[in-house]
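Read through the structure below, which is laid out as structure tokens, and then see the notes.
Worth knowing before you read on, the calculation uses all heavy atoms, side chains too, and leaves out hydrogens, waters and symmetry mates. Residue numbers begin at 1 in each chain, while the letters A, B, ... track the order of the sequences.
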Amino acid sequence: MKSRTRVLAATLSATFLLTACNAGSSTDDPTDAGGVTDGGSGTAAPGGEDMVRIGLVAEPASLDFTTTDGAAIPQALLYNVYETLVKVDQSGEVVPALASEWTVSEDGLTYTFTLEEGVTFSNGETFTAEDVVSSFQAVQNDWTVSLKSQFDIIEKVEAPSDTEVVVTLAHPSNTFLYSLTTRVGAIFDSNSVEELATRPIGTGPYTFGEWNRGASISLQRNSDYWGEEPYFDQVVLAYFDDATALNNAMLTDGVDVVGTVQAPEALSEFESGDYEIIEGTTNGEVVLSFNNSTAPFNDLRVRQAARHAINHQALLDTCWDGRGELIGSMVPPTDPWFEDRTGDYPYDVEAAKDLLAEAGAEGVEVRLRIPTLPYAQSCGPVVESMLEEAGFAVTIDDLEFPAAWVEDVFTNADYEMSIVAHVEPRDLGNVFGNPDYYIRYGTPELRALLEEADAGTEEQQIAKMKEAAALVSQDAASDFLFLLPNLIVADPGITGLPQNAITESFDLSQLARE
Amino acid sequence: MLLRLARRFLVLLVSLAVASVLVFAFMQVLPGDPARVALGMNSSDEAVAQLREQFGLDRPLLVQYADWLGGVVTLDLGVEWVSKAPIAPQLVDRLAVTGWLVITAMVLALVIALPVGTWMAVRHRHADGVLLSAISQVGVAVPAFLAGIILITYFAKRWQWFPSGGWVPPAEDPVQFLLRLALPAISLALVQASMLARYVRSAVLEVLREDYLRTARAKGLRPMQALTRHGLRNAAVPIVTVLGLQLATLLIGAVVVERVFVIPGLGSFLLDSVAARELITVQTIVMVLVAAVLIINFLVDTVYLLIDPRLRVGHR
């Protein structure tokens, strides 16, 4: 046996050379990969502290949303670690947060906020009006992400006293107050913005714990919180690249909550009665986008044909398990100007064929260039077959998301059709109002409506936004497949989960155990 | 023999250099702009250009290449563009995780394949040998990630004996570490063991037919004695070749298996970095994998020379 042993030993020692020298690296580095994905031993951490583990997909690339885009960072940090002057509650209303009250001047140009007192940042610094001034100015000056443009409207921010902030706008805008509820409204400590990417410091109900890259982010209860202290000592946000792996973790007690179920078919696994399924709404309009600037979709009749060709209820039943809502335009039901526009283009294959014939576009070849995202992958083939029935010749082209899709479809508009969920709140104006946006719509008529809506009174805003939504639908600027549902699976007894995903935050402040 | 080794070492160095050029070139044709991925969809072209400058992407390709290669050689890779986290320590930590997985799988595969393969060869005319052979054939056909999914379905979801995924460093909790290592290591090892066992079987069969083994028997050695004393060393040469290849396959297989079991190893690091277009990180991980394969091959060559004196002589 001697020779065999030697062969073995030689091969194995070779392998160890490659890897073993690295095995002893430190584990308390925040960038350490060897983190715990789940506690694995029930929900109570040693020492009797109560903790809850929430499984999410898509880990943030960084913790700094001033320089990095993406939904994952505000999802974890906004309202939880960072707070805003005002926030959006579960019914879509703007409610007080760090500002206890606010007034708007007659001309709609001056906003005066009264701030909460006795608020401190997690590093011990006191929260004052100066922090608001510096945070808002930083958005204008230091932020690099495109969202900063929402603050272009701010003329000046002043702090007449420690508890008062006055914001002056260049022109009246109804969207300004709403924008304060999003990440651009987050308040940072003016003295510690150097480590945003690794050590976030805010005034929220939780303080930032640690980030195990590739695995999880932990948040600790802020025992000095100015409002109602959260129930859990620790909340762990565990990240899973793979939706199936996340569901498996839920089934094997690896997590206590699935924050967002990625594919509704998976819900059948949780219907045993051992789990609570929470269904709510989102801001995610799944848009079948048309490139309005090039043939064939620069022809209204072709766009109308495509809208008539889609049987929306059948599509929703087939590719998204019937969960979600049909909307007909770019407005979710939680927005004040929602109107059911599904009747504008009822399912009618004959009408679609006629319109195509009228446009001389029977058998027209179009590329359906879809991102590698669950809803697009699942609904793309259904859309393809429905359109083919009406006389389109569709080729599906899968593009890696985000990088490849963003470059080809979004930046270069090299596409005829695509499918993507626009998840930003109140995004009708962003998506359809800008002629350079990848949908290439933004007609003067729509832009005028949007401007009137933004500058008018609240009633005018609602009326004009309804008109804008009607225009986008009737002009068939795109088709609106459905509104993504918000699906949460939780262990029974966990309460206070945000049923509706209508903000940028996964709001953990109300979380408790019965 | 030393000359031979030196020559092979030279070939290794040249291969590594060529590989680094290829890896770097491939990253350049990858669609998607890292700066735009970081800044988000609506970012202005100026902001993107500014960030590209910050990332150093506006420099000539040759400079970027030299800069990266210098970083790899000096093990100072800088920080990730988006997260600002240093790359090298992460790489080391992730490599350690994957190392545990691959080595455990390799050892498991060997422990299973050597006895089973020899048994299959010695008993190749008997029912048990044929049955084992058939089972191993099936094992070869099952990809590691499928084995992983099947193992999760039964051992984690149905019977709840093991966690369905995740990772705990051995220093933190050895029991949890082993529980979490078990299923992924087994799913990697099963395929490799099946493959290896088939190679062991044919290598041993080959040797059993050799004249020198009959001579050994004629000297009065019992079958097993003849095999262990004269046969195994000869059978080892092809097996070591396969082992080298398998180690490379295991490293690549780990990329997918880590995904299935949510293990923060090199594979998930690679996939995350590709998605975020952290090109330096992607380049380096791919380079590490390529280097590992090349170095394993070099070591295999070296091991040949140790096992088989016939190869040490100059002629081919």
Side-chain angles (χ1 to χ4, degrees), chain A residues 1 3-4 6-8 10-12 14-16 18-20 22-23 25 27 29 31-38 40-41 59 61-64 67-70 144-147 149 197-198 212-215 240-242 245 248-249 251-252 254 400 402-404 406-408 410-411 430 437, chain B residues 31-33 36-44 47 51 82-86 89-90 92-97 99 103 106 110 152 156-157 160 163-169 171-172 176 228 232-233 236 240 243 247 259-260 262 264 268-269 271-272 275-277 292 295-296 299 303 306-307:
Chain A
M1 291 301 281
S3 44
R4 182 201 281 175
R6 209 196 301 161
V7 174
L8 259 173
T11 324
L12 287 176
T15 2
F16 272 105
L18 283 170
T19 41
N22 298 318
S25 55
T27 52
D29 183 334
T31 58
D32 173 43
V36 191
T37 300
D38 66 66
S41 48
E59 186 182 9
S62 147
L63 296 176
D64 182 2
T67 55
T68 309
D69 194 58
T144 58
V145 289
S146 59
L147 290 164
S149 65
T198 46
N212 289 316
R213 293 294 303 279
F240 296 80
D241 288 320
D242 183 65
N248 289 341
L251 290 167
T252 55
E400 182 207 346
V406 167
E407 176 153 313
D408 284 0
F410 196 85
T411 310
N430 290 342
Y437 206 69
Chain B
D33 183 338
R36 197 171 291 276
V37 171
L39 285 178
M41 298 195 181
N42 305 325
S43 44
S44 66
L51 198 64
V82 170
S83 69
K84 310 280 182 274
Q90 288 193 72
V92 167
D93 286 339
R94 303 274 190 141
L95 199 59
V97 171
I103 293 171
M106 195 74 240
L110 273 171
I152 289 178
K157 281 161 80 173
Q160 312 243 335
S164 66
W167 184 259
V168 176
E172 196 171 294
Q176 287 298 326
T228 43
L232 284 182
R233 198 183 178 99
V240 167
L243 269 181
L247 210 50
R259 191 87 170 180
V260 174
V262 206
S268 47
F269 194 29
L271 295 177
D272 290 347
R277 290 295 186 271
I295 292 170
I296 289 166
L299 291 174
V303 172
L306 295 179
I307 307 173

Is it the backbone or the side chain of Arg259(B) that comes under 4.5 Å from a heavy atom of chain A, or both, or neither? both
Which atoms of Ser149(A) are under 4.5 Å from chain B, going by heavy atoms: the side chain, the backbone, both sets, or neither? neither
Contacts of Asp242(A) that satisfy side-chain contact (heavy atoms from CB on, under 4.5 Å) - sequence neighbours left out: Thr244(A), Ala245(A)
Considering only heavy atoms, which portion of Ala156(B) lies under 4.5 Å from any heavy atom of chain A: side chain, backbone, both, or neither? both
Give me the atom names and distance for the closest heavy-atom approach of Leu251(A) to Gln160(B). O-NE2, 3.2 Å
What is the minimum heavy-atom distance between Glu400(A) and Ala275(B), and which atoms define it? OE2-CA, 4.0 Å
Selection from Val406(A), Thr67(A), Asp64(A), Thr68(A) maximising heavy-atom pairs under 4.5 Å formed with chain B: Thr68(A)
If I compare all heavy atoms of Gly214(A) with all of Pro264(B), which pair ends up nearest, and what's the gap? O-CB, 4.1 Å
To check you understand the geometry: which heavy-atom pair defines the closest contact between Ala404(A) and Pro31(B), and what is its length? CB-CG, 4.2 Å
Output all residues satisfying side-chain contact (heavy atoms from CB on, under 4.5 Å) with Ser268(B), sequence neighbours left out; order by chain, then residue number. Asp241(A), Arg94(B), Glu258(B)
Measure Asp272(B) against the heavy atoms of chain A and call it side chain, backbone, both or neither at under 4.5 Å. side chain
